[in-house]
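Protein chains get the first letters and strands the later ones, always in sequence-line order, with residue 1 at the start of each.
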There are 2 protein chains.
Amino acid sequence: MDAPLPELPDPSSWPDVPTIYDVAKACGVAPSTVSRAFSRPGRVKAETAERIRETAAAMGYQANPLARALPTGRSSLLALVVADVTNPFFFDIIRGAEQAATSAGYTLLVADVHESAEAERTAVDRTISLVEGLALATTRMSNSSIRVAAKQRPTVVLNRVLPDVPSLVTDNAGGIEQAVEHLVALGHRTITYLAGPEASWADGMRWRALLKAAEQQTDTVRVRRLGPFSPTQAGGFTAAESYTTSAGSAVIAYNDLMAIGFMRGLARRGVEVPRDVSVVGFDNIFGSDLCSPQLTTVGSPLRHLGTMAVELLLTAIRSRSTDTGPAAAPPARPSLLPTQLIVRASTAPAA
Amino acid sequence: MDAPLPELPDPSSWPDVPTIYDVAKACGVAPSTVSRAFSRPGRVKAETAERIRETAAAMGYQANPLARALPTGRSSLLALVVADVTNPFFFDIIRGAEQAATSAGYTLLVADVHESAEAERTAVDRTISLVEGLALATTRMSNSSIRVAAKQRPTVVLNRVLPDVPSLVTDNAGGIEQAVEHLVALGHRTITYLAGPEASWADGMRWRALLKAAEQQTDTVRVRRLGPFSPTQAGGFTAAESYTTSAGSAVIAYNDLMAIGFMRGLARRGVEVPRDVSVVGFDNIFGSDLCSPQLTTVGSPLRHLGTMAVELLLTAIRSRSTDTGPAAAPPARPSLLPTQLIVRASTAPAA
DNA sequence: ATGAAAGCGCTAACAG
DNA sequence: CTGTTAGCGCTTTCAT
């Protein structure tokens, strides 16, 4: 939404930094030559170029990236939109994306939209024209909004599948299978799933995967479901209150935060992990090795998601400038990234 | 530094989104009228404005924020530069800044510069012309680089004092005093300080404050110093190896991460917290209540730092457009924000 | 190898 | 109230 902008009585808003014209005048050359001296070094006499760069440096000239981006579309900027920077889930995604961007000479801008679809839309609207590519991590925007964005800049979505937009998702089913195998190997026969938010796509995937895993070995494993709960420590704590140990000795939580809260809730009730119940989390976020007992968890390929998102964007960006149009679009198939089970101290053989 | 840009064979880089001219033509009005319909609703006939906005919406027109920012300087964007988004220290700073920015109608862009001064410089160079204000959280840039930035956009630095640039810092001395009082009240008489990186400004402040606090009560408290250590869990773990309980029963760590690592190191050696030694952290980061025992810590006004940084920026931005120039600069005095001691389970009365 | 000129998309003075 | 004009700072043809 375009809120009416305030009046701006003083047009000379920012103090003057030297422009390309200032440098040109100081060097006695045309502005275009200065421009070339920076961006097309080959096309200007070496000696002149050198002189220009020196005086430019002396004057403290810095090309205005905004003005440069307007005609060219090149800002060397990438945006990563996350629902909540302080959710450790995003840590490694950010780290991975950051690193991939940096090593390709790009700067990654992270926009935190505090779980608000509206904030997300305005963040995207405000930044999309500034960046060369856009990665949406667990976006809340509508499919159509995403498509609109994808039409303007190379876009990739994480942890969501969308027919027309390249997407990267965690292999939830595979992860659940790993967890089930682990618990079964430990002798557990009933597994309780602590459900996350109903609206969550990942929650659905994980629960269905668990059901399927159970079907495949009908005689050995039974599953039940508790929830939904908020995907937070508080949610897990609540879950612990309604948990009855009689119904089984193994739990898989929707995510690590819930698992940690759940263990804390159990502790308060005098139930001991892993002696009385084994707990498996999901994602392997920062903090899952801080809690006690340290959490056994299905590690999501978080970092990989981040790097790969950026690499997809870079590929798309490069193909835009070299290829013959939108033909060379990246694969629209969602890529499934594998999980890895991290066994720590919250799981143990069934009594 | 300006790396030579690659050639760009295809000038029509991005697919066409409707421009203001398209809307103008479709409505049979001048482009300036369309512009006004959006940014100066009062100055165009209500009926015309309505019609324009409708067709614009129908065409999917979105003003290009980049093109708008070039002549006006208004992008509704603020940048927050942090050394490492995944360091929980920055969580509440980001949250606070985010929230203040959002409620003022701005979008906050977070740039993670992974502890690299060079990456920080290029991030600042690339974004400064796009944003209306810049907050540097624990920057590694040189004072002169900071000043250069501050000359171009309202700038505020966090946790660093710089004569000419507005700055916000945690009241380290006050925090240390609170910790000392707490430990003394519990009967501890010797306090060991686990030092952080020598280059850290905050580390110096904290250690000196501790020395001073000890001087003020010469007969009751003695302090000693161990370190420097890396300000991480690993650093704390290392510290635990060289720690001798004989030398006292109370420890104040440079920060929470170190404190947590330290406790973990002690545990491995069979030393129990808080029975054998009381540990106080600093900052109250996310995770300080996840570890066990939960950490007693000096809570830094993290969130407050974030909101205040943004508020300072907004004030400066507003005064730029209304006032008579750089006279109405914000106070150059660094503002000291108070800490709050959070007593949890890692401290107990001296044996 | 360099200069001149046109324009990226939008806004803001200046006329009417 | 609305159209016309002139840029914001930079890049990129097109000339020379």
Side-chain angles (χ1 to χ4, degrees), chain A residues 2 4-14 16-25 27-52 56 61-76 128-130 152 321, chain B residues 2 4-14 16-25 27-52 56 61-76 128-130 152 321:
Chain A
D2 275 286
L5 301 165
E7 301 274 344
L8 143 143
D10 181 3
S12 68
S13 29
W14 306 122
D16 287 314
V17 291
T19 75
I20 202 173
Y21 299 108
D22 301 327
V23 178
K25 193 181 299 171
C27 294
V29 298
S32 57
T33 306
V34 176
S35 173
R36 281 191 282 254
F38 282 106
S39 38
R40 301 261 182 289
R43 306 206 179 171
V44 54
K45 196 165 40 162
E47 170 190 322
T48 325
E50 186 53 32
R51 185 166 48 93
I52 291 176
Y61 168 75
Q62 279 285 120
N64 181 332
L66 191 141
R68 163 178 287 180
L70 185 50
T72 62
R74 284 192 251 98
S75 61
S76 299
I128 195 159
S129 64
L130 315 174
Q152 294 181 61
S321 40
Chain B
D2 276 286
L5 299 167
E7 301 274 343
L8 141 143
D10 180 2
S12 69
S13 30
W14 306 124
D16 286 315
V17 291
T19 74
I20 201 172
Y21 299 106
D22 301 325
V23 178
K25 193 180 298 173
C27 294
V29 298
S32 58
T33 305
V34 177
S35 172
R36 280 190 282 254
F38 283 106
S39 38
R40 301 261 183 290
R43 306 207 179 172
V44 54
K45 196 164 41 162
E47 170 189 322
T48 325
E50 188 52 32
R51 185 166 48 95
I52 292 176
Y61 168 75
Q62 277 286 119
N64 181 333
L66 190 140
R68 163 180 286 180
L70 186 50
T72 63
R74 283 191 251 101
S75 61
S76 300
I128 195 159
S129 64
L130 314 175
Q152 294 180 61
S321 41

Next item on the list: Report yes if a side-chain nitrogen or oxygen of Arg40(A) is closer than 4.0 Å to either non-bridging phosphate oxygen (OP1 or OP2) of dT2(C); otherwise report no.
Entry: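 Answer no for this pair, as no side-chain N or O of Arg40(A) is under 4.0 Å from OP1 or OP2.
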
For the residue pair [X] and [Y], establish whether any side-chain heavy-atom pair is separated by less than 4.5 Å.
| X | Y | answer |
| --- | --- | --- |
| Ile52(B) | Val23(B) | yes |
| Val34(B) | Cys27(B) | no |
| Val29(A) | Arg51(A) | yes |
| Pro65(B) | Ser75(B) | no |

[X] [atom1] to [N] [atom2]: how many Å, rounded?
| X | N | atom1 | atom2 | result |
| --- | --- | --- | --- | --- |
| Ile20(A) | dT12(D) | CD1 | C1' | 12 Å |
| Arg68(A) | dT12(D) | CZ | C1' | 13 Å |
| Leu70(B) | dA6(D) | CG | P | 18 Å |
| Arg43(B) | dC1(D) | CZ | P | 11 Å |
| Leu66(B) | dC8(D) | CG | P | 16 Å |
| Leu130(B) | dC8(D) | CG | P | 19 Å |
| Phe38(B) | dG9(C) | CZ | C1' | 14 Å |
| Lys25(A) | dC10(D) | NZ | P | 14 Å |

Does [X] reach a base, just sugar-phosphate, or nothing at all? Heavy atoms under 4.0 Å.
| X | answer |
| --- | --- |
| Ser32(A) | base |
| Val34(A) | nothing |
| Thr48(A) | sugar-phosphate |

### Task
For the side chain of Thr33(A), starting at C-beta, report the closest nucleotide among dC8(D), dT2(C), dT12(D).
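Closest of the options to the side chain of Thr33(A): dT2(C).
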
### Message
Does Ser35(B) contact dA12(C) through a side-chain donor or acceptor facing the base, at a distance under 3.5 Å?
### Response
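Answer no: no donor N or O sits under 3.5 Å from an acceptor.
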
**Q.** Check: Tyr21(A) side chain, dC10(D) base, donor-acceptor under 3.5 Å
**A.**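 Yes.
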
Please evaluate residues Tyr61(B) and Tyr21(B) with respect to the criterion ring pair (Phe, Tyr, Trp, His ring centres under 6.0 Å), reporting the C-alpha separation (whole Å), side-chain torsions for both, the decisive distance (0.1 Å), and the verdict.
CA-CA 10 Å; Tyr61(B) 168 75; Tyr21(B) 299 106; over 10 Å; no

Take Ala46(A) and Asn64(B), find for each the nucleotide of DNA chain C with the closest heavy atom, and name the residue whose nucleotide sits nearer the 5' end.
->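 Mapping each residue to its closest nucleotide by heavy atoms, the 5'-most match is Ala46(A).
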
request  = Identify, between Ala67(A) and Ala49(A), the residue whose nearest nucleotide on DNA chain C lies closer to the 5' end.
outcome  =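 It is Ala49(A), whose closest nucleotide lies nearer the 5' terminus.
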
Upstream residue (5' side of DNA chain D) when Gly28(B) and Arg36(A) are each assigned their closest nucleotide
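It is Gly28(B), whose closest nucleotide lies nearer the 5' terminus.
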
